[in-house]
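Below is one structure, written out as structure tokens; comments come after it.
What you see is a predicted model; the values in this text were computed from it and never measured. Residue numbers start from 1 in every chain, and the chains themselves are labelled A, B, ... in the order their sequence lines are given, proteins ahead of strands.
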Amino acid sequence: DAKTTQPPSMDCAEGRAANLPCNHSTISGNEYVYWYRQIHSQGPQYIIHGLKNNETNEMASLIITEDRKSSTLILPHATLRDTAVYYCIVGRISNFGNEKLTFGTGTRLTIIP
Amino acid sequence: GAVVSQHPSRVICKSGTSVKIECRSLDFQATTMFWYRQFPKQSLMLMATSNEGSKATYEQGVEKDKFLINHASLTLSTLTVTSAHPEDSSFYICRVGTSGSNLDTQYFGPGTRLTVL
């Protein structure tokens, strides 16, 4: 069973920041928060991950609450190409690359022109 | 550029035939490969996990004799849907994992859309 809950859909105006929330209240101490997105009929694309500190890369920022029970993915300046389903997943680090990733239902983000 | 490829990208077959889907790791040695299935407007469902040179581990409810997985090398895994039926029509996606703690190397393939008539 998925360990995360996300709103099923969100809209965001083009050029504005898109803030996608995720609840993971049962996350354990050795589990990371991963974010992926899936554009229609394509494979999922990695966006960002974090353990407890906020993270930023060229695609997005990840804000994790102090108790780690929830997080927010921020796309700072959303474009039409950011329209996709966004998945928040929790999972452990694995030195062998064999960690299972279980997908929930995700959030369908639609960027409005 | 892509680091994981799948072939074919889409396939249409008649009911009762078998279909083979290939997943290739292009830039690194994939110690583990995962196969997912995705029905329209649904999330990805993990079907099985395979490690190079060993038998695949199937998730509950997935028939191992129907979905044959071969992971004979560190760069290639195949999923064969045997005796396909219309209910097997789906989007099949592989994911490859490699040794090390870089989580952004958990790459997904572009997917294969299977339509069974």
Side-chain angles (χ1 to χ4, degrees), chain A residues 1-9 22 30-53 55-60 62 64 71 84-110, chain B residues 2-6 9-10 21 23 25 28-52 54 56-60 71 74 77 90-115:
Chain A
D1 292 334
K3 302 178 184 177
T4 63
T5 55
Q6 300 175 251
S9 63
C22 178
N30 62 353
E31 287 184 317
Y32 281 61
V33 180
Y34 303 59
W35 281 84
Y36 285 83
R37 73 180 182 185
Q38 186 180 25
I39 296 170
H40 181 63
S41 293
Q42 297 183 25
Q45 175 191 22
Y46 166 84
I47 301 174
I48 199 168
H49 72 275
L51 182 63
K52 55 182 179 180
N53 296 322
E55 302 288 344
T56 296
N57 62 20
E58 65 277 5
M59 291 183 67
L62 174 61
I64 302 173
S71 61
V85 178
Y86 287 76
Y87 295 99
C88 167
I89 304 164
V90 298
R92 292 177 299 120
I93 287 281
S94 166
N95 287 330
F96 300 98
N98 57 2
E99 176 64 22
K100 289 185 180 181
L101 295 179
T102 301
F103 285 76
T105 53
T107 295
R108 184 173 297 276
L109 175 67
T110 302
Chain B
V3 295
V4 180
S5 69
Q6 283 186 238
S9 58
R10 57 177 61 234
I21 301 170
C23 175
S25 170
F28 55 90
Q29 295 183 328
T31 51
T32 306
M33 287 192 175
F34 305 84
W35 286 95
Y36 292 81
R37 178 169 55 181
Q38 185 176 34
F39 293 109
K41 298 193 176 185
Q42 294 187 23
S43 188
L44 285 76
M45 297 285 292
L46 180 64
M47 299 175 67
T49 303
S50 70
N51 293 301
E52 185 263 338
S54 60
T57 302
Y58 290 81
E59 295 298 303
Q60 190 172 8
H71 189 170
L74 287 172
S77 176
S90 187
F91 193 51
Y92 291 87
I93 306 169
C94 69
R95 173 188 144 223
V96 300
T98 187
S99 297
S101 58
N102 293 329
L103 300 177
D104 57 352
T105 58
Q106 303 289 326
Y107 294 109
F108 286 84
T112 296
R113 185 161 302 283
L114 169 64
T115 303

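Between the CD1 atom in A:I89 and the CG atom in B:L44 there is a gap of 8.5 Å [rounded to 0.5 Å]. Note that CD of A:Q38 is 6.5 Å distant from CZ of B:F91, once rounded to the nearest 0.5 Å. A:T102 contributes atom OG1, which lies 9.0 Å from atom CE of B:M45 (distance to the nearest 0.5 angstrom).
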### Task
Decide yes or no on ring-ring contact (aromatic ring centres under 6.0 Å, His included) for A:Y46 and B:F108, but give the supporting numbers first.
CA-CA 9 Å; A:Y46 166 84; B:F108 286 84; over 10 Å; no
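Under the 6.0 Å cut-off for aromatic ring centres, A:F103 and B:Y36 qualify, their centroids lying closer than that.
Of all heavy-atom pairs spanning A:Y87 and B:Q38, the tightest one is OH-NE2, 3.6 Å.
Residues meeting the side chain to side chain contact (heavy atoms under 4.5 Å, CB included) test with B:E52, sequence neighbours left out: B:H71, B:L74. Listed by chain and residue number, B:Q6 satisfy the side chain to side chain contact (heavy atoms under 4.5 Å, CB included) test with B:P110 (two or more places apart in sequence, or in another chain).
Taking chain B as the reference chain and counting heavy-atom pairs below 4.5 Å, the highest number among A:G106, A:G43, A:P44 is found for A:P44.
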